[in-house]
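We count ligands from 1, going down the list as the structure has it; atoms in each ligand are counted the same way. Residues: numbered from 1 along the sequence shown.
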Amino acid sequence: MNVIYNAHICSFGNIIIMNILLLGSGGREHALAWKLKQSPHCSKLFIAPGNAGTARCGKNVYLNINDFEALGKFCKEEAVEMMIVGPEEPLVKGIADFFRKDASLASIAVIGPSGEGAQLEGSKSYGKAFMARHHIPTAAYGEFDALNYEEGIKYLQNHSLPIVLKADGLAAGKGVLICKSHVEAYAEFELMIQQNKFGDASKKVVVEEFLDGIELSVFVLTDGKNYVILPEAKDYKRVGEGDTGLNTGGMGAVSPVPFAGPDFMKKVEDQIVKPTIEGIWQENIDFKGFVFIGIIKVGDDPLVIEYNCRMGDPETEVVIPRLKNDLVELFIATWNQQLDTVHIETDIRKACTVMAVSGGYPGEYEKGFEIEGLGQAESEHTLIFHSGTKAFENIVMTNGGRVLCVTSFGSSITEAAERSRAALSYISFEEMYYRKDIGYEFIDQN
Ligand code: AMP
Ligand code: GLY
């Protein structure tokens with residue numbers, strides 16, 4: 001490993017400054033770019049491919065984030081010394097390994113795990129077996145493919161309802177089905193394994209016990225040996241108010257999470273975070289990046305529903321604004337395997353983000369509508385992070401299902417949510433929709 005001491009000595013003193021490349025184009029990447037740019041250690045910031053919001057923090061570059069050769073070439077040309085990988089796909093495809101194995105790229109601090117580490121997200125079966133090896137609490141499960149298909153049907157027959165079916169591989173967030181009857185479970189199981197419902201991703205299926213509880217997202221930054229825990233968050237995945245309707249990538253988030261008090265978070269750390277990082281270390285998995293642990297609180301106990309190898313979106317848009325530490329310093333400590341020297345400092349204010357989406361999302365929607373009112377919506381309490389946007393001759397236009405998210409601070413979640421809604425009343429684009437009830441269950445609790 002190449003330790004970063006003085007990547008580039010700044011003329012104003014003995015401070016490391018470096019050129020940074022950030023991969024991705026969502027609200028998560030805008031929030032990361034916004035934070036990176038505040039660091040005195042950040043010289044040039046490039047975002048590939050970015051969006052209209054990231055263009056205000058650095059330079060967007062039109063590179064394909066799965067074209068590792070092109071990314072490597074760009075890093076050499078622009079003397080990039082740190083690359084932060086936002087989404088999971090390049091990680092699962094082995095971007096970190098590609099850089100490590102090439103002598104001319106190996107000194108670049110890649111923030112994101114190796115392909116093997118990314119399997120924690122890339123294969124549900126790998127993640128479940130890892131949890132079993134390290135005695136990490138999770139739902140009981142079985143795994144099946146074409147070879148033991150009949151055994152799978154028998155497993156389903158004896159399973160209590162509801163039954164959770166998970167495509168083993170990456171399925172763009174759509175690979176989890178919660179079946180309310182056995183008939184539905186048999187039909188979906190058949191579609192997944194025999195009819196490739198999610199392509200290769202569902203050739204293998206994890207059948208899991210349904211956990212009845214409330215969810216939260218816990219974010220861990222690890223250097224493969226040491227770790228720090230970032231502020232936790234709760235995501236609102238359903239498109240409709242009152243948590244109804246179809247699943248989406250996330251319609252909003254809050255941080256902190258009122259039901260995750262210190263006693264509960266201690267259980268999360270002792271029973272889940274520590275064994276996870278010890279497992280990574282013992283198994284010699286090259287992992288310098290984020291572990292995002294999806295947790296369900298059942299009674300008073302935490303159980304893991306999934307691992308991800310990246311930050312969440314829209315959780316990042318509340319977690320990163322509450323993080324007081326310098327993000328580049330955190331990443332340097334991650335690369336140098338010195339996270340044991342770091343102490344996380346969190347803004348005590350509460351944060352709420354509300355996602356404005358295109359009409360029709362998560363189904364079909366149109367793009368290319370002009371977005372108005374962005375300037376008026378920002379204030380000392382409110383930040384706007386772009387997701388699916390692009391700029392055309394100074395006009396910002398919609399360019400995706402999730403368009404932008406509005407993050408506000410407040411002394412309570414209720415106040416933060418009210419501020420985000422007030423800010424959204426200034427913003428408009430054709431067929432804009434957002435949930436007006438993000439944080440609803442925490443009214444009067446904070
Ligand atoms: P995943 O892709 O594993 O995050 O699953 C997507 C969503 O399905 C989660 O956020 C949960 O809401 C739900 N889910 C997944 N596994 C379970 C489970 N075992 N019990 C209950 N809900 C689950
Ligand atoms: N918000 C959930 C995710 O990023 O997977």
Side-chain angles (χ1 to χ4, degrees), residues 24-29 31-32 86-89 91-92 118 120-128 131 136-143 159-180 185 188 192 198 201-202 205-219 230 232-239 243-255 257 290-298 301-320 353-355 357 362 385 387 401-402 405 435 438:
S25 61
R28 167 182 53 210
E29 285 74 26
L32 290 169
E88 62 279 11
E89 197 185 346
L91 292 166
V92 173
L120 283 177
E121 173 166 4
S123 163
K124 301 276 187 202
S125 150
Y126 179 98
K128 295 293 281 188
M131 287 180 236
I136 293 164
T138 185
Y141 79 109
E143 58 180 62
H159 206 289
S160 59
L161 294 172
I163 306 173
V164 183
L165 301 184
K166 299 186 169 184
D168 180 51
L170 291 183
K174 298 195 175 95
V176 175
L177 303 172
I178 298 176
C179 302
K180 297 203 177 63
E188 293 294 352
M192 288 168 92
F198 300 107
S202 65
V205 169
V206 166
V207 179
E208 201 175 82
E209 165 200 19
F210 179 81
L211 299 174
D212 194 7
I214 30 180
E215 284 182 60
L216 78 153
S217 306
V218 171
F219 299 97
L230 305 181
E232 77 285 351
K234 182 177 191 301
D235 173 22
Y236 293 76
K237 287 205 172 78
R238 302 298 196 94
V239 72
D243 294 325
T244 55
L246 294 174
N247 254 330
T248 70
M251 296 295 292
V254 300
S255 177
V257 180
F290 295 104
V291 190
F292 155 9
I293 313 177
I295 287 177
I296 290 200
K297 184 182 187 195
V298 181
D301 291 318
L303 284 94
V304 177
I305 45 170
E306 62 165 349
Y307 283 120
N308 296 295
C309 59
R310 53 171 173 89
M311 285 296 288
D313 194 349
E315 291 98 323
T316 305
E317 292 91 305
V318 284
V319 170
I320 289 293
T353 196
V354 180
M355 184 74 76
V357 304
F385 296 119
S387 303
R402 295 197 291 174
C405 60
R435 272 182 64 168
I438 301 300

Stepwise, does the salt bridge (Lys or Arg N to Asp or Glu O under 4.0 Å) test hold for Glu143 with Lys128?
-> CA-CA 10 Å; Glu143 58 180 62; Lys128 295 293 281 188; over 6 Å; no

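The side-chain heavy atoms of Pro362 and Lys174, taken from C-beta on, include no pair separated by under 4.5 Å. For the pair Ile136/Tyr307, a side-chain contact is recorded, criterion being any heavy-atom separation below 4.5 Å from C-beta on.
Salt-bridge check for Glu208 with Lys166: passed, with a basic side-chain N closer than 4.0 Å to an acidic carboxylate O. Under 4.0 Å is where a charged nitrogen must lie from a carboxylate oxygen, and between Arg435 and Asp243 at least one such pair does.
Considering only non-hydrogen atoms, atom 16 (N) of ligand 1 lies nearest to Lys166 out of Lys166, Glu121, Glu306. Of the listed options Leu211, Asp243, Ile163, Ile214, Leu211 places a heavy atom closest to atom 20 (N) of ligand 1. Nearest-residue assignment for atom 17 (C) of ligand 1 (options Leu303, Ile295, Ile305; heavy-atom criterion): Ile305.
Taking CD1 of Ile163 as the reference point, atom CD1 of Ile178 lies at 11.5 Å (rounded to 0.5 Å). Interatomic distance, Asn308 CG to Glu315 CD, rounded to the nearest 0.5 Å: 8.5 Å.
Under the rule for a side chain to side chain donor-acceptor pair (under 3.5 Å), the partners of Ser255 that lie at least two apart in sequence or sit in another chain are Arg322. For Glu29, there are no side chain to side chain donor-acceptor pair (under 3.5 Å) partners two or more places apart in sequence or in a different chain. Tyr236 meets the ring pair (Phe, Tyr, Trp, His ring centres under 6.0 Å) test with no other residue; sequence neighbours excluded.
Of the residues listed (Asp313, Thr248, Ile438), the one engaging Met355 in a side chain to side chain contact (heavy atoms under 4.5 Å, CB included) is Asp313, and it is the only one.
Distances below 4.0 Å separate heavy atoms of Lys124 from the following atoms of ligand 1: 1 (P), 2 (O), 3 (O). Each of the following atoms of ligand 1 lies closer than 4.0 Å to a heavy atom of Val164: 16 (N), 18 (C), 19 (N), 20 (N). Taking every non-hydrogen atom of Glu215 and a distance limit under 4.0 Å, the qualifying atoms of ligand 1 come out as 9 (C), 10 (O), 11 (C), 12 (O). Against a heavy-atom cut-off of under 4.0 Å, Phe210 is close to the following atoms of ligand 1: 20 (N), 21 (C), 22 (N).
Among protein heavy atoms, atom 19 (N) of ligand 1 sits closest to Glu208 OE1, 2.6 Å. For atom 8 (O) of ligand 1, the closest non-hydrogen atom of the protein is Val176 CG1, 3.6 Å. For atom 23 (C) of ligand 1, the closest non-hydrogen atom on the protein side is Ile178 CD1, 4.2 Å.
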Find all protein N or O atoms under 3.5 angstrom from an N or O atom of ligand 2 and list the pairs with distances, or write 'none'.
from     : atom 1 : to     : atom 2 : distance (Å)
ligand 2 : 1 (N)  : Asp235 : OD2    : 2.9
ligand 2 : 1 (N)  : Gly249 : O      : 3.4
ligand 2 : 1 (N)  : Asp313 : O      : 2.9
ligand 2 : 1 (N)  : Glu315 : OE1    : 2.8
ligand 2 : 1 (N)  : Glu315 : OE2    : 3.4
ligand 2 : 4 (O)  : Arg310 : NH1    : 3.0
ligand 2 : 4 (O)  : Asp313 : N      : 2.9
ligand 2 : 5 (O)  : Arg310 : NH1    : 3.4
ligand 2 : 5 (O)  : Arg310 : NH2    : 2.9

